[in-house]
Amino acid sequence: MKMIIAIIRPHKLDDVHHNLQDAGFKGITITEVKGYGRQKGHREIYRGAEYKIEFVPKIKIELVCPDNLVDKAISIIVNTSKTGEVGDGKIFITPIEEVIRVRTEETGEEAL
C-alpha cells in the first residue's frame with residue numbers, strides 16, 4: 001500500500017475529488033494548508049496598496065491505496081489539477097506498512 005499526498009490549488013479540489021470518487025477510490029482526507037514552492041508567494045493589490053503573500057493557500061489531499069492503483073490515482077490527480085502555471089502543486093508517495101480500521105479491527109487492504 002502507498003500513501004499519496006497531493007498539494008493542489010483550492011479551486012481544483014471538487015474536480016479531483018469527484019474524479020477520484022468516480023474511479024472507485026473510497027476515501028480521502030483533505031486539509032487546507034498554506035505554503036510556497038518555487039514561486040515564493042505572490043503579490044496582491046488591495047485598495048491601492050501592494051501586499052506580499054508569502055504563504056499561498058493550497059489543499060492537501062491524502063489518499064491510501066493498494067500498490068496496483070497508485071498510477072491510476074496519480075494520473076487522475078495530475079490530469080485534473082494541472083493548469084500548466086507555476087504553483088500547480090506536488091505529489092508525494094510514501095509506503096504504508098499497515099492499516100487498521102478501528103471499528104472492525106480489519107487490517108491491510110480490507111481496512112481501506
- Item | ILVMFWY cluster, Ile91 and Tyr36 together (side-chain gap under 4.5 Å) | no

CD1 of Ile77 to CG of Leu63, rounded to nearest 0.5 Å, is 6.0 Å

Between Phe25 and Leu69 the two heavy atoms that sit nearest each other are CZ-O, 3.7 Å

All heavy atoms of Val16 vs all of Thr80, minimum pair found to be N-CG2, 3.4 Å

Separation between SG (Cys65) and CD1 (Ile74), nearest 0.5 Å, reads 7.5 Å

Margin query: I'd like to know if Ile8 and Ile30 are part of one continuous hydrophobic network [Ile/Leu/Val/Met/Phe/Trp/Tyr, side-chain heavy atoms within less than 4.5 Å].
Written below: yes

* Asked: What do you reckon, is CD of Glu32 surrounded by more than 12 foreign heavy atoms closer than 6.0 Å?
  -> no

Tightest non-hydrogen contact, residues Arg101 and Glu110, listed as NH1-O, 3.6 Å

Requested in this report: Carefully, step by step, assess Val99 and Thr107 under the rule side-chain contact (heavy atoms from CB on, under 4.5 Å).
Outcome: CA-CA 5 Å; Val99 176; Thr107 61; over 6 Å; no

Between the CE atom in Met3 and the OG1 atom in Thr94, the distance rounded to the nearest 0.5 Å is 6.0 Å

Here the gap from Ser81 atom OG to Asn19 atom CG, rounded to the nearest 0.5 Å, amounts to 10.0 Å

Note, Ile5 side chain near Lys60 side chain (heavy atom, < 4.5 Å):
yes

Open item on the list: Is there a side-chain contact (heavy atoms from CB on, under 4.5 Å) between Ile61 and Leu13? Walk through the geometry before answering.
Closed with: CA-CA 9 Å; Ile61 299 172; Leu13 173 60; 4.2 Å; yes

Interatomic distance, CG@Asn68 vs CD@Glu109, rounded to 0.5 Å, equals 6.5 Å

Quick one: does Lys58's side chain have a donor or acceptor within less than 3.5 Å of a partner on Gly87's backbone?
yes

Nearest heavy-atom contact between Met1 and Leu112 is SD-CD1, 4.1 Å

When rounded to the nearest 0.5 Å, the distance separating CD1 of Ile4 from CD1 of Ile28 is 11.0 Å

Heavy atoms of Ile59 and Pro10 approach each other most closely as CG1-CA, 3.5 Å

- Query: Given Asp67 and Lys2, is the side-chain contact (heavy atoms from CB on, under 4.5 Å) satisfied, shown in steps?
  - Reply: CA-CA 6 Å; Asp67 291 337; Lys2 301 277 194 253; 3.2 Å; yes

Which of Lys82, Arg9, Lys12 passes side-chain hydrogen bond (donor to acceptor under 3.5 Å, both in side chains) with Asp88? Answer is Arg9

Practice item. Run the numbers on Thr104 and Glu106 for side chain to side chain donor-acceptor pair (under 3.5 Å), then give the verdict. Key: CA-CA 5 Å; Thr104 62; Glu106 292 171 290; 2.8 Å; yes

Exercise. Taking a hydrophobic cluster as the set of Ile, Leu, Val, Met, Phe, Trp and Tyr residues connected by side-chain heavy atoms closer than 4.5 Å, whether directly or through intermediates, do Phe92 and Val33 fall within one such cluster?
Worked result: no

**Report entry** Glu98 (side chain) donor-acceptor with Gly108 (main chain) under 3.5 angstrom
**Finding:** yes

